[in-house]
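Residue numbers start at 1 and run along the sequence shown.
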Amino acid sequence: MRKNSSRNLNLENIKVVLIVTTGRTGSDYLQHCLDGLKGLMVVSDKFHYHQFFKNKNEKKDPFKVLNAFIKKYSNLFSQIEIENIKINLNIKKFRKNFEKLAGKKKISRKQFFVLVHMSYHLTAGRSLKDTRTIIHNSHGINRTIDTLEDFPNAKILVTVRDPLSNLKSGLINWFRYKTDKINMLHAYTYMYRIRQDLKFLLKLKNKKFFVKMEEANLKRIKKRICNFINIKFQKKIYRATVLNKPWVGDQLSKRQAKKGEFLKPENKNEYENFYSKKDIKTLSYLYKDYRIFNYKLKKIRFLNGIQFLLNSLFLLSFEKDIMNYNQTKSLKKLNIKYYLYRIFYFIIISLKLDFLIKNKHLS
(Lines give C-alpha, C1' and ligand atoms only; values in the text may rest on other atoms or scores of the structure.)
Protein backbone atom coordinates (compact mmCIF):
# COMPACT_ATOMS: atom_id res chain seq x y z
CA MET A 1 0.00 0.00 0.00
CA ARG A 2 1.38 3.39 -0.99
CA LYS A 3 1.93 5.74 1.88
CA ASN A 4 -0.03 8.59 0.27
CA SER A 5 -2.83 6.57 -1.35
CA SER A 6 -6.40 7.90 -1.44
CA ARG A 7 -7.55 5.35 1.13
CA ASN A 8 -5.40 7.27 3.62
CA LEU A 9 -6.71 10.70 2.61
CA ASN A 10 -8.43 12.25 5.60
CA LEU A 11 -11.14 14.24 3.87
CA GLU A 12 -12.39 15.56 7.19
CA ASN A 13 -9.25 17.72 7.40
CA ILE A 14 -9.87 19.26 3.98
CA LYS A 15 -11.79 22.53 4.02
CA VAL A 16 -13.52 23.84 0.92
CA VAL A 17 -14.29 27.48 0.14
CA LEU A 18 -16.42 28.19 -2.93
CA ILE A 19 -16.32 31.40 -4.96
CA VAL A 20 -19.69 32.26 -6.47
CA THR A 21 -20.53 35.12 -8.80
CA THR A 22 -23.77 37.06 -9.31
CA GLY A 23 -22.89 38.26 -12.82
CA ARG A 24 -19.79 40.20 -13.82
CA THR A 25 -18.74 40.89 -10.27
CA GLY A 26 -15.02 40.04 -10.02
CA SER A 27 -15.21 36.38 -8.96
CA ASP A 28 -12.31 35.42 -11.24
CA TYR A 29 -10.28 38.35 -9.93
CA LEU A 30 -10.88 37.12 -6.39
CA GLN A 31 -9.87 33.56 -7.30
CA HIS A 32 -6.61 34.77 -8.81
CA CYS A 33 -5.86 36.99 -5.82
CA LEU A 34 -5.94 33.82 -3.70
CA ASP A 35 -3.59 31.98 -6.07
CA GLY A 36 -0.31 31.11 -4.40
CA LEU A 37 -1.30 32.13 -0.88
CA LYS A 38 0.08 29.87 1.84
CA GLY A 39 -2.43 27.34 3.08
CA LEU A 40 -4.56 27.33 -0.09
CA MET A 41 -4.92 25.06 -3.12
CA VAL A 42 -6.20 26.84 -6.25
CA VAL A 43 -6.53 25.48 -9.80
CA SER A 44 -5.95 27.92 -12.69
CA ASP A 45 -9.57 28.12 -13.80
CA LYS A 46 -13.10 26.75 -13.37
CA PHE A 47 -13.99 23.10 -13.97
CA HIS A 48 -16.99 20.85 -13.36
CA TYR A 49 -16.11 17.48 -11.89
CA HIS A 50 -19.60 16.00 -11.44
CA GLN A 51 -19.78 14.98 -15.09
CA PHE A 52 -17.33 12.14 -14.46
CA PHE A 53 -19.56 10.36 -11.93
CA LYS A 54 -23.19 9.22 -11.93
CA ASN A 55 -23.70 10.23 -8.31
CA LYS A 56 -21.82 10.91 -5.08
CA ASN A 57 -21.81 7.24 -4.08
CA GLU A 58 -20.33 5.87 -7.28
CA LYS A 59 -16.69 4.79 -7.10
CA LYS A 60 -14.54 4.57 -10.21
CA ASP A 61 -11.09 3.54 -11.29
CA PRO A 62 -8.91 6.61 -10.57
CA PHE A 63 -6.92 6.31 -13.80
CA LYS A 64 -10.00 6.17 -16.03
CA VAL A 65 -11.45 9.26 -14.37
CA LEU A 66 -8.08 11.00 -14.60
CA ASN A 67 -7.86 10.31 -18.34
CA ALA A 68 -11.37 11.67 -18.92
CA PHE A 69 -10.57 14.78 -16.85
CA ILE A 70 -7.33 15.54 -18.71
CA LYS A 71 -9.06 15.05 -22.06
CA LYS A 72 -11.85 17.44 -21.08
CA TYR A 73 -9.76 20.03 -19.25
CA SER A 74 -6.35 20.00 -20.95
CA ASN A 75 -6.63 23.80 -21.10
CA LEU A 76 -6.10 23.98 -17.33
CA PHE A 77 -2.48 23.14 -18.10
CA SER A 78 -1.94 25.38 -21.12
CA GLN A 79 -4.21 28.12 -22.47
CA ILE A 80 -7.69 29.42 -21.69
CA GLU A 81 -8.29 32.02 -24.36
CA ILE A 82 -11.34 33.84 -23.03
CA GLU A 83 -9.70 34.20 -19.59
CA ASN A 84 -6.36 35.40 -21.04
CA ILE A 85 -4.61 32.55 -19.25
CA LYS A 86 -1.47 31.09 -20.80
CA ILE A 87 0.61 28.69 -18.71
CA ASN A 88 2.71 25.60 -19.23
CA LEU A 89 2.01 23.07 -16.50
CA ASN A 90 3.41 19.59 -17.08
CA ILE A 91 0.49 17.16 -17.60
CA LYS A 92 2.75 14.14 -17.26
CA LYS A 93 3.93 15.41 -13.88
CA PHE A 94 0.32 16.07 -12.87
CA ARG A 95 -0.62 12.53 -13.84
CA LYS A 96 2.30 11.12 -11.86
CA ASN A 97 1.37 13.13 -8.76
CA PHE A 98 -2.27 12.07 -9.06
CA GLU A 99 -1.39 8.38 -9.43
CA LYS A 100 0.96 8.53 -6.46
CA LEU A 101 -1.70 10.10 -4.24
CA ALA A 102 -4.61 8.00 -5.51
CA GLY A 103 -3.17 4.50 -5.37
CA LYS A 104 -5.16 1.79 -7.14
CA LYS A 105 -8.33 1.66 -5.10
CA LYS A 106 -11.53 3.04 -6.67
CA ILE A 107 -12.33 6.60 -5.67
CA SER A 108 -15.49 8.63 -5.08
CA ARG A 109 -16.45 11.95 -6.63
CA LYS A 110 -15.45 13.76 -3.47
CA GLN A 111 -12.05 12.08 -3.35
CA PHE A 112 -11.46 12.86 -7.01
CA PHE A 113 -12.15 16.56 -6.42
CA VAL A 114 -9.61 16.68 -3.59
CA LEU A 115 -7.03 14.65 -5.53
CA VAL A 116 -7.22 17.00 -8.52
CA HIS A 117 -6.48 20.02 -6.33
CA MET A 118 -3.69 18.31 -4.41
CA SER A 119 -2.05 17.00 -7.59
CA TYR A 120 -2.32 20.36 -9.34
CA HIS A 121 -0.84 22.07 -6.29
CA LEU A 122 2.14 19.70 -6.23
CA THR A 123 2.66 19.98 -9.99
CA ALA A 124 2.87 23.76 -9.63
CA GLY A 125 5.82 23.20 -7.29
CA ARG A 126 3.89 24.02 -4.15
CA SER A 127 3.95 22.18 -0.84
CA LEU A 128 1.04 20.36 0.77
CA LYS A 129 2.49 20.98 4.22
CA ASP A 130 -0.04 22.93 6.32
CA THR A 131 -2.24 23.25 3.23
CA ARG A 132 -5.75 22.01 3.94
CA THR A 133 -8.05 24.52 2.23
CA ILE A 134 -9.29 24.24 -1.35
CA ILE A 135 -10.48 27.39 -3.12
CA HIS A 136 -12.88 26.30 -5.85
CA ASN A 137 -14.50 28.71 -8.28
CA SER A 138 -17.88 27.02 -8.67
CA HIS A 139 -18.92 30.28 -10.33
CA GLY A 140 -22.65 29.79 -11.01
CA ILE A 141 -25.48 28.50 -8.87
CA ASN A 142 -25.92 25.11 -10.56
CA ARG A 143 -22.31 24.08 -10.02
CA THR A 144 -22.37 25.49 -6.53
CA ILE A 145 -25.37 23.30 -5.70
CA ASP A 146 -23.50 20.32 -7.16
CA THR A 147 -20.38 20.97 -5.09
CA LEU A 148 -22.40 21.45 -1.91
CA GLU A 149 -23.72 17.90 -2.33
CA ASP A 150 -20.17 16.71 -1.60
CA PHE A 151 -19.14 19.49 0.76
CA PRO A 152 -22.32 20.66 2.54
CA ASN A 153 -20.32 22.67 5.10
CA ALA A 154 -18.28 24.59 2.56
CA LYS A 155 -17.85 28.29 3.16
CA ILE A 156 -18.89 30.61 0.35
CA LEU A 157 -17.33 33.80 -0.94
CA VAL A 158 -19.97 35.67 -2.95
CA THR A 159 -18.94 38.51 -5.23
CA VAL A 160 -21.51 41.29 -5.76
CA ARG A 161 -21.59 44.60 -7.57
CA ASP A 162 -23.93 47.53 -8.08
CA PRO A 163 -26.62 45.66 -10.04
CA LEU A 164 -27.06 48.34 -12.70
CA SER A 165 -23.33 48.41 -13.36
CA ASN A 166 -23.34 44.60 -13.31
CA LEU A 167 -26.11 44.40 -15.91
CA LYS A 168 -24.50 46.97 -18.19
CA SER A 169 -21.22 45.05 -18.09
CA GLY A 170 -22.98 41.75 -18.74
CA LEU A 171 -24.66 43.21 -21.81
CA ILE A 172 -22.08 45.54 -23.37
CA ASN A 173 -19.00 43.37 -22.85
CA TRP A 174 -20.64 40.18 -24.11
CA PHE A 175 -22.18 41.99 -27.09
CA ARG A 176 -18.78 43.37 -28.06
CA TYR A 177 -17.01 40.04 -27.57
CA LYS A 178 -19.58 37.86 -29.35
CA THR A 179 -22.22 39.50 -31.56
CA ASP A 180 -24.49 36.45 -31.54
CA LYS A 181 -25.17 37.35 -27.88
CA ILE A 182 -27.06 40.46 -29.02
CA ASN A 183 -30.51 39.06 -28.38
CA MET A 184 -33.28 39.08 -25.80
CA LEU A 185 -32.34 35.62 -24.51
CA HIS A 186 -29.03 36.96 -23.24
CA ALA A 187 -30.59 40.18 -21.90
CA TYR A 188 -33.37 38.32 -20.08
CA THR A 189 -30.94 35.74 -18.68
CA TYR A 190 -28.67 38.44 -17.27
CA MET A 191 -31.49 40.45 -15.75
CA TYR A 192 -32.79 37.23 -14.20
CA ARG A 193 -29.53 35.92 -12.78
CA ILE A 194 -28.50 39.13 -11.05
CA ARG A 195 -31.70 39.01 -9.00
CA GLN A 196 -32.38 35.30 -8.62
CA ASP A 197 -28.85 34.14 -7.87
CA LEU A 198 -28.57 36.61 -5.02
CA LYS A 199 -31.93 35.51 -3.62
CA PHE A 200 -30.78 31.89 -3.68
CA LEU A 201 -27.46 32.67 -2.01
CA LEU A 202 -29.04 34.77 0.74
CA LYS A 203 -31.15 31.76 1.74
CA LEU A 204 -28.22 29.33 1.94
CA LYS A 205 -27.33 28.38 5.52
CA ASN A 206 -23.61 28.04 4.78
CA LYS A 207 -21.18 30.56 6.21
CA LYS A 208 -20.92 33.33 3.62
CA PHE A 209 -18.92 36.46 3.04
CA PHE A 210 -20.15 38.94 0.43
CA VAL A 211 -17.36 40.79 -1.37
CA LYS A 212 -18.44 44.02 -3.05
CA MET A 213 -16.48 44.48 -6.26
CA GLU A 214 -16.13 48.19 -5.54
CA GLU A 215 -14.37 47.41 -2.22
CA ALA A 216 -12.42 44.30 -3.26
CA ASN A 217 -9.03 46.03 -3.02
CA LEU A 218 -9.50 47.65 0.40
CA LYS A 219 -7.13 46.41 3.08
CA ARG A 220 -9.94 45.80 5.57
CA ILE A 221 -11.76 43.65 3.01
CA LYS A 222 -8.62 41.71 2.10
CA LYS A 223 -8.04 41.03 5.79
CA ARG A 224 -11.63 39.94 6.32
CA ILE A 225 -11.36 37.53 3.39
CA CYS A 226 -8.25 35.97 4.95
CA ASN A 227 -9.98 35.72 8.33
CA PHE A 228 -13.03 34.15 6.70
CA ILE A 229 -10.99 31.39 5.06
CA ASN A 230 -8.81 31.09 8.17
CA ILE A 231 -5.38 31.97 6.77
CA LYS A 232 -2.88 34.66 7.70
CA PHE A 233 -3.06 37.94 5.82
CA GLN A 234 -0.51 37.97 2.99
CA LYS A 235 0.39 40.98 0.85
CA LYS A 236 0.31 38.83 -2.27
CA ILE A 237 -3.50 38.97 -2.07
CA TYR A 238 -3.33 42.40 -3.74
CA ARG A 239 -2.07 40.86 -7.00
CA ALA A 240 -4.15 38.57 -9.23
CA THR A 241 -2.03 35.74 -10.63
CA VAL A 242 -2.19 32.36 -12.34
CA LEU A 243 0.61 30.16 -11.01
CA ASN A 244 2.42 33.35 -9.97
CA LYS A 245 2.08 35.01 -13.40
CA PRO A 246 -0.03 38.21 -13.52
CA TRP A 247 -3.64 37.71 -14.58
CA VAL A 248 -4.63 40.63 -16.80
CA GLY A 249 -8.39 39.99 -16.80
CA ASP A 250 -10.67 38.20 -19.26
CA GLN A 251 -11.10 39.07 -22.92
CA LEU A 252 -14.52 40.62 -22.31
CA SER A 253 -12.97 43.47 -20.33
CA LYS A 254 -11.88 46.64 -22.14
CA ARG A 255 -9.08 47.34 -19.69
CA GLN A 256 -6.23 44.99 -18.80
CA ALA A 257 -4.36 44.76 -15.50
CA LYS A 258 -0.86 44.17 -16.85
CA LYS A 259 0.58 43.50 -13.38
CA GLY A 260 -2.49 41.77 -11.96
CA GLU A 261 -3.52 44.95 -10.16
CA PHE A 262 -7.05 45.89 -9.14
CA LEU A 263 -8.99 47.90 -11.72
CA LYS A 264 -11.64 50.11 -10.18
CA PRO A 265 -15.10 49.47 -11.69
CA GLU A 266 -17.08 52.26 -13.29
CA ASN A 267 -18.96 54.68 -11.07
CA LYS A 268 -22.65 55.49 -11.01
CA ASN A 269 -22.34 58.46 -13.39
CA GLU A 270 -20.85 56.24 -16.10
CA TYR A 271 -23.57 53.59 -16.09
CA GLU A 272 -26.36 56.15 -15.73
CA ASN A 273 -25.55 57.33 -19.25
CA PHE A 274 -26.37 53.84 -20.52
CA TYR A 275 -29.91 53.75 -19.12
CA SER A 276 -32.92 56.00 -19.47
CA LYS A 277 -34.45 57.48 -16.31
CA LYS A 278 -37.34 55.02 -16.62
CA ASP A 279 -34.85 52.14 -16.92
CA ILE A 280 -33.15 53.19 -13.69
CA LYS A 281 -36.44 53.32 -11.79
CA THR A 282 -37.53 49.95 -13.16
CA LEU A 283 -34.21 48.23 -12.50
CA SER A 284 -33.88 49.79 -9.04
CA TYR A 285 -37.15 48.09 -8.11
CA LEU A 286 -36.10 44.82 -9.74
CA TYR A 287 -32.83 44.78 -7.79
CA LYS A 288 -34.04 46.26 -4.49
CA ASP A 289 -32.49 43.31 -2.58
CA TYR A 290 -29.08 44.85 -3.28
CA ARG A 291 -29.89 47.73 -0.97
CA ILE A 292 -28.66 45.52 1.90
CA PHE A 293 -25.14 46.16 0.54
CA ASN A 294 -25.76 49.93 0.66
CA TYR A 295 -25.93 50.37 -3.10
CA LYS A 296 -27.61 53.70 -3.83
CA LEU A 297 -30.56 52.63 -5.91
CA LYS A 298 -33.63 54.79 -6.45
CA LYS A 299 -35.76 54.93 -3.31
CA ILE A 300 -38.58 52.40 -3.19
CA ARG A 301 -41.99 53.91 -2.52
CA PHE A 302 -45.47 52.37 -2.40
CA LEU A 303 -46.33 53.49 -5.94
CA ASN A 304 -43.08 52.06 -7.36
CA GLY A 305 -44.62 48.58 -7.43
CA ILE A 306 -47.52 49.81 -9.55
CA GLN A 307 -45.16 51.78 -11.78
CA PHE A 308 -42.94 48.71 -12.14
CA LEU A 309 -45.96 46.65 -13.21
CA LEU A 310 -46.92 49.21 -15.86
CA ASN A 311 -43.34 49.61 -17.10
CA SER A 312 -42.96 45.84 -17.42
CA LEU A 313 -45.15 45.92 -20.53
CA PHE A 314 -42.77 48.22 -22.40
CA LEU A 315 -39.27 47.76 -23.77
CA LEU A 316 -36.35 49.09 -21.76
CA SER A 317 -34.03 51.34 -23.76
CA PHE A 318 -31.37 48.67 -24.30
CA GLU A 319 -34.07 46.16 -25.24
CA LYS A 320 -35.14 48.50 -28.05
CA ASP A 321 -31.58 48.46 -29.39
CA ILE A 322 -31.53 44.67 -29.24
CA MET A 323 -34.86 44.40 -31.05
CA ASN A 324 -33.56 46.63 -33.85
CA TYR A 325 -30.33 44.68 -34.32
CA ASN A 326 -29.96 42.29 -37.30
CA GLN A 327 -33.63 41.36 -37.51
CA THR A 328 -33.46 37.98 -39.23
CA LYS A 329 -36.63 35.90 -39.09
CA SER A 330 -35.25 33.42 -36.55
CA LEU A 331 -33.73 36.13 -34.36
CA LYS A 332 -36.99 38.08 -34.40
CA LYS A 333 -38.86 35.00 -33.12
CA LEU A 334 -36.26 34.47 -30.40
CA ASN A 335 -36.42 38.11 -29.32
CA ILE A 336 -40.22 38.15 -29.14
CA LYS A 337 -40.23 34.89 -27.15
CA TYR A 338 -37.84 36.16 -24.49
CA TYR A 339 -39.40 39.62 -24.41
CA LEU A 340 -42.65 37.89 -23.42
CA TYR A 341 -40.74 35.83 -20.83
CA ARG A 342 -39.29 39.03 -19.43
CA ILE A 343 -42.72 40.68 -19.22
CA PHE A 344 -44.12 37.65 -17.40
CA TYR A 345 -41.11 37.62 -15.03
CA PHE A 346 -41.57 41.30 -14.16
CA ILE A 347 -45.31 40.86 -13.59
CA ILE A 348 -44.68 37.96 -11.18
CA ILE A 349 -42.26 40.16 -9.22
CA SER A 350 -44.63 43.13 -9.13
CA LEU A 351 -47.44 40.93 -7.78
CA LYS A 352 -45.05 39.37 -5.22
CA LEU A 353 -45.59 35.86 -6.61
CA ASP A 354 -41.96 34.78 -6.50
CA PHE A 355 -42.96 31.23 -5.59
CA LEU A 356 -44.09 30.84 -9.22
CA ILE A 357 -40.54 31.44 -10.50
CA LYS A 358 -38.89 28.16 -11.37
CA ASN A 359 -35.33 28.31 -10.09
CA LYS A 360 -33.14 28.12 -13.17
CA HIS A 361 -29.62 29.37 -12.85
CA LEU A 362 -26.54 29.70 -14.98
CA SER A 363 -23.83 27.10 -14.45
Side-chain angles (χ1 to χ4, degrees), residues 21-25 161-199 251-254 265-291 295-301 303-354 356-358 360-362:
T21 188
T22 51
R24 284 187 58 77
T25 56
R161 181 182 185 178
D162 184 305
L164 273 70
S165 180
N166 187 356
L167 178 60
K168 179 193 170 185
S169 180
L171 297 176
I172 293 296
N173 288 305
W174 271 111
F175 291 171
R176 184 176 57 245
Y177 180 74
K178 207 171 182 181
T179 55
D180 63 6
K181 290 282 188 182
I182 305 176
N183 57 61
M184 282 298 297
L185 166 59
H186 181 79
Y188 167 71
T189 300
Y190 242 89
M191 282 188 276
Y192 176 98
R193 77 168 304 181
I194 292 171
R195 180 181 189 268
Q196 298 306 130
D197 288 7
L198 178 67
K199 280 190 167 293
Q251 290 195 2
L252 275 70
S253 303
K254 282 194 288 186
E266 66 178 9
N267 59 39
K268 188 176 179 181
N269 292 333
E270 290 173 300
Y271 76 65
E272 278 187 337
N273 294 329
F274 176 73
Y275 301 110
S276 70
K277 289 183 178 179
K278 188 176 79 172
D279 290 347
I280 292 173
K281 286 182 180 179
T282 302
L283 294 171
S284 292
Y285 187 86
L286 177 67
Y287 298 130
K288 57 187 176 181
D289 291 322
Y290 281 83
R291 292 176 69 86
Y295 286 119
K296 295 180 180 178
L297 303 169
K298 286 288 182 182
K299 290 183 179 179
I300 306 300
R301 296 185 176 89
L303 291 176
N304 287 135
I306 298 173
Q307 195 171 30
F308 179 77
L309 176 61
L310 295 174
N311 289 344
S312 69
L313 303 174
F314 301 96
L315 289 165
L316 297 162
S317 61
F318 57 86
E319 291 178 323
K320 291 178 184 177
D321 294 335
I322 292 170
M323 287 292 201
N324 292 326
Y325 175 80
N326 192 21
Q327 283 292 290
T328 62
K329 190 174 181 179
S330 59
L331 184 58
K332 189 173 182 178
K333 285 183 178 179
L334 181 77
N335 285 340
I336 291 172
K337 176 183 176 180
Y338 281 95
Y339 173 48
L340 293 174
Y341 276 16
R342 200 275 291 152
I343 289 175
F344 184 58
Y345 176 56
F346 277 22
I347 290 173
I348 286 175
I349 292 168
S350 67
L351 298 177
K352 302 186 186 302
L353 299 174
D354 271 61
L356 294 176
I357 299 171
K358 188 176 180 181
K360 289 185 178 180
H361 302 275
L362 297 181

Partners of [X] by side chain to side chain contact (heavy atoms under 4.5 Å, CB included), sequence neighbours excluded?
X: Lys296; answer: Lys268
X: Thr21; answer: Thr25, Ser27, His139, Thr159, Arg193
X: Ser330; answer: Thr328
X: Thr282; answer: Lys278, Phe308, Asn311, Leu316, Phe346

With rounding to the nearest 0.5 angstrom, report the [atom1] to [atom2] distance, [X] to [Y].
X: Leu313; Y: Ile343; atom1: CG; atom2: CD1; answer: 6.0 Å
X: Tyr275; Y: Leu164; atom1: OH; atom2: CG; answer: 4.5 Å
X: Ser312; Y: Leu351; atom1: OG; atom2: CG; answer: 8.5 Å
X: Ile349; Y: Ile357; atom1: CD1; atom2: CD1; answer: 5.0 Å
X: Tyr271; Y: Ile172; atom1: OH; atom2: CD1; answer: 15.0 Å
X: Leu283; Y: Met191; atom1: CG; atom2: CE; answer: 7.5 Å

Judged by atom type as modelled, is there a donor-acceptor pair below 3.5 Å linking the side chain of Ser169 to the main-chain atoms of Ser165?
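Checking the backbone N and O of Ser165 against the side chain of Ser169, no donor-acceptor pair under 3.5 Å is found.
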
Say whether, by atom type as modelled, one donor and one acceptor occur between the side chain of Ser284 and the main chain of Lys281 under 3.5 angstrom.
no

Exactly one of Asp289, Asp354, Thr22 should register a side chain to side chain donor-acceptor pair (under 3.5 Å) with Arg195. Which one does?
Asp354

Determine the minimum heavy-atom distance between [X] and [Y], stating which atoms define it.
X: Ala187; Y: Ile322; result: CB-CD1, 3.7 Å
X: Leu297; Y: Pro163; result: CD2-CG, 4.0 Å
X: Ser253; Y: Arg24; result: OG-NH2, 3.0 Å
X: Phe175; Y: Asn183; result: CE2-N, 4.3 Å
X: Lys352; Y: Lys288; result: NZ-NZ, 3.9 Å
X: Gly305; Y: Ser350; result: O-CB, 4.1 Å

Parallel, tilted or perpendicular, judged at 30° and 60°: which one describes the rings of [X] and [Y]?
X: Tyr192; Y: Tyr188; value: tilted
X: Trp174; Y: Tyr177; value: perpendicular
X: Tyr295; Y: Tyr290; value: tilted

Going by side-chain hydrogen bond (donor to acceptor under 3.5 Å, both in side chains), name the residues that satisfy it together with [X], two or more places apart in sequence or in a different chain.
X: Asn166; answer: none
X: Thr179; answer: none
X: Tyr287; answer: none

Tell me if the OH atom of Tyr325 is crowded by more than 12 foreign heavy atoms within 6.0 Å.
yes

Restricting to pairs with a member in residues 333-344, which pass side-chain hydrogen bond (donor to acceptor under 3.5 Å, both in side chains), not counting sequence neighbours?
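For residues 333-344: Glu319-Arg342.
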
Give every residue pair that meets the salt bridge (Lys or Arg N to Asp or Glu O under 4.0 Å) criterion with at least one member in residues 166-180, sequence neighbours excluded.
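Those involving residues 166-180 are Lys168-Glu266.
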
Within-4.5 Å side-chain heavy-atom neighbours: Gln196 and Tyr345:
yes

Less than 4.5 Å apart, any side-chain heavy atom of Leu167 and any of Phe274?
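In short, these two side chains do not touch, never coming nearer than 4.5 Å.
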
Which residues pass the salt bridge (Lys or Arg N to Asp or Glu O under 4.0 Å) test with [X], not counting sequence neighbours?
X: Arg161; answer: none
X: Lys298; answer: none
X: Asp321; answer: none

